[in-house]
There are 2 protein chains.
Amino acid sequence: MATIYEVSKLAGVSLATVSRVINNNAPVRQATRVKVLDAMDKLGYHPNSIAQSLASSRSNSIGIVVSELNGPFFGTLLSDIEAAFRRAGKHVIIAAGHSDERLEKESIAFLKSRNCDALILHVEAVSDDYLRQLNEGGTPFVILNRFVESMSDRCVTLNNQHGGYLATQHLLRNGHRKIGYISGPMWKNDAEQRYLGHLRALAEYGIESKSSLFYEGDFHELGGVKGVAALLHADADITAIVCANDEMAAGAVTTAREQGLRLPEDLSIVGFDNVNFSHYMYPKLTTIDYPIGGMGVMAARWVLKHIYQQKLDNIQTVFEPRVIERDSVHSI
Amino acid sequence: MATIYEVSKLAGVSLATVSRVINNNAPVRQATRVKVLDAMDKLGYHPNSIAQSLASSRSNSIGIVVSELNGPFFGTLLSDIEAAFRRAGKHVIIAAGHSDERLEKESIAFLKSRNCDALILHVEAVSDDYLRQLNEGGTPFVILNRFVESMSDRCVTLNNQHGGYLATQHLLRNGHRKIGYISGPMWKNDAEQRYLGHLRALAEYGIESKSSLFYEGDFHELGGVKGVAALLHADADITAIVCANDEMAAGAVTTAREQGLRLPEDLSIVGFDNVNFSHYMYPKLTTIDYPIGGMGVMAARWVLKHIYQQKLDNIQTVFEPRVIERDSVHSI
DNA sequence: TAGTATTATGTAAGCGCTTTCATGTATAGC
DNA sequence: GCTATACATGAAAGCGCTTACATAATACTA
């Protein structure tokens, strides 16, 4: 591998000049620039990014923490973030936090030790206090899908409450009055917000919430399976269920059918997230769109703007969900 | 951020000694080690990995190229690879090749410029020649899901042909004789192999293959949609279809149902890959398991063994598919 | 045309670590 | 007690860049 030194010798200029043409950050006479470029070409020179990083104390890498690497939700997120940074010549280092406090902290420590210039965090288990403390720690970061008071400009969130509201409102508008709710783990902020939205929609229609219509699931298929069983057992008159995410909706659909219900005639279901498989389901799932890709890109833009000084327009921090109507809701 | 120099001063030893206790690669007296460890602790010292990389010309990063970052298939792959490396203190840099020759080459160049110690490549569009040439280029790599003669020890592949064989054999054993086949793009090696397996199974049962029973799809949902339409149009007596991947199977299922067929009674379908959503489908999809996660881990182990000198058992390079029986095949 | 402002280039000191080589010190063998 | 051997440590030269700072070349002004 050729080094900058060899290039400078071949071009008959100093190291500094070569560095200037590489980084294009200081005036260089055209003739000189050409000589250098030729020399680089002749030697097949590529700058050593490690050395650049050490000298400039900038690694051009961004650390991403997500709960899981697989799963349709995070796939879309990572895909769009990677594309955004790649275009800017930056690269991403990815770590999985598995919604576990220890693992999330470990991931963050790992990425910091890797000299990331910034982090994008989708973390669920660590506390707000931890994040505030991390904020003192030198490595800047932006938070996805979570709102922390003192750093609101760096939180990119979905209006989860409105999403929960929309899901239930959609059912209400279709004539349903006895609506079950399968929630995510209530210690997760988005699960709580979605449920709050559900309650608000109910209240608007003057409907009382009953605990027999609520089931706290796990955001996984199994939660949907158990949730349907529990809800139907507690109250056989339910005509619709909102599931706080699509995976639980999938479990709910399967179980409801196994219990002999026709979908959507006997039971309407609405999901949340609009994950890629939701339209492979049968009936195709009516759900709430979560523009996760766009939110990831926005997080990336924050980093590009504030860390790498790219001039970009203002950053949108709150995204709005919307209903995706498909076939799993029956009008009564 | 404290540096090794400050640690050495506080501990009253030389830089070299501190380095030795960090890397644990040379004898250090216990008392000295303790002094150094204490000093590191007191200063909250963490080695600067960039500086380590520059000095040791080892970046401890592994580049991964996959076709897409989203999609269930690659999600599983990435997840397992990341976990395997993370355990070893290495990190992965991920790039998407999008099954496009230019983008794949660009991704590889990008990762090389990032000083990756090794690459794991799931590339489809670049030629074998290109890979052979890349092989001269200094950065070692292992290839996933593709066999290149001269580097067979570094190709981790699925026995795709056997998979295709199993899919069709399963149908045959269930009494089907008129079997449609929706293939992936035939320029992709795995698509071709799977089809060859299909043919072999047919031959074993003395059944002739007819071109009206073959449709070349795109490995995406749309391919399944169009494939079913085409196949049913050409030959209404078909009782079963094998789809060369699960996404096409999803499209096929939807379309078949829209055409008024009952599944699986009127039409049996088998997929390929056993992607996570295949059991969310209705009917739950019978498919061929592709142990992609295990294969990714094996690729990671190759790197750990050959690049980082970890002593690991031998590396398995060929994986076997197997039938996952669910509900989409009807016995006649 | 001298004097000043601007632009272009070079010099050299790091960035924070690893690693070779040399040196020093303890242990064993006789 | 003296040499041979292994073990422990230190000094210093990089790894391949960036970036003050200094200096040289050129352009502009009056």
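Note that the structure is a prediction, hence the values are computed from the model and not measured. Residue numbers begin at 1 in each chain, while the letters A, B, ... track the order of the sequences. These values consider heavy atoms only, across backbone and side chains, with no hydrogens, waters or symmetry-generated copies.
For the pair B:Gln30 CD and C:dA26 C1', the interatomic distance rounds to 17 Å; values are reported in whole Å. Atom P of nucleotide C:dT18 and atom OH of B:Tyr5 are separated by 17 Å, given to the nearest angstrom. A:Ile22 has its CD1 atom 12 Å from the P atom of D:dT19, to the nearest Å. Between A:Ile4 atom CD1 and C:dC15 atom C1' there is a gap of 14 Å when expressed in whole angstrom units. B:Leu15 has its CG atom 20 Å from the P atom of C:dA22, to the nearest Å. To the nearest angstrom, P of C:dG16 lies 17 Å from CG of B:Asn23. Separating the CZ atom of B:Arg29 from the P atom of C:dT25 is a distance of 11 Å, rounded to the nearest angstrom.
Salt-bridge check for A:Asp313 with A:Arg301: failed, with every basic side-chain N at 4.0 Å or more from each acidic carboxylate O. A salt bridge between B:Arg132 and B:Asp129 is present, with a side-chain N of the basic residue lying under 4.0 Å from a carboxylate O of the acidic one.
Between B:Ser107 and B:His98, the closest side-chain pair of non-hydrogen atoms is not below 4.5 Å. Considering only heavy atoms from C-beta on, B:Ser19 comes within 4.5 Å of B:Ile4 through its side chain. Considering only heavy atoms from C-beta on, A:Phe141 comes within 4.5 Å of A:Leu134 through its side chain.
Listed nucleotides: C:dT11, D:dT18, C:dT19. Nearest to the side chain of B:Ala16: C:dT19. Picking from C:dA8, D:dG10, D:dT19 the nucleotide with the shortest atom distance to the side chain of A:Asn25 gives D:dT19.
Backbone-only engagement by B:Val13 is indicated by non-hydrogen atom pairs under 4.0 Å involving sugar-phosphate atoms exclusively.
Remark: B:Thr17 is in phosphate contact with D:dG10, judged by side-chain N or O atoms under 4.0 Å from OP1 or OP2. Taking only side-chain nitrogens and oxygens, A:Ser19 comes nearer than 4.0 Å to OP1 or OP2 of D:dT18. Using a 4.0 Å cut-off, no side-chain N or O of A:Thr3 falls inside it from OP1 or OP2 of D:dG16. Within the 4.0 Å cut-off from OP1 or OP2 of D:dT9, at least one side-chain nitrogen or oxygen of B:Thr32 is found. For D:dT9, neither phosphate oxygen OP1 nor OP2 lies less than 4.0 angstrom from any side-chain nitrogen or oxygen of B:Arg20.
Interatomic distance, OH of B:Tyr45 versus CD of B:Glu6, reported as 10.0 Å (0.5 Å rounding).
Listed by residue number, the members of residues 33-56 of chain B with any heavy atom below 4.0 angstrom from DNA chain D are B:Leu54, B:Ala55.
Of the possible polar contacts, one joining the A:Ser59 side chain to the A:Asn115 backbone as a donor-acceptor pair under 3.5 Å is found.
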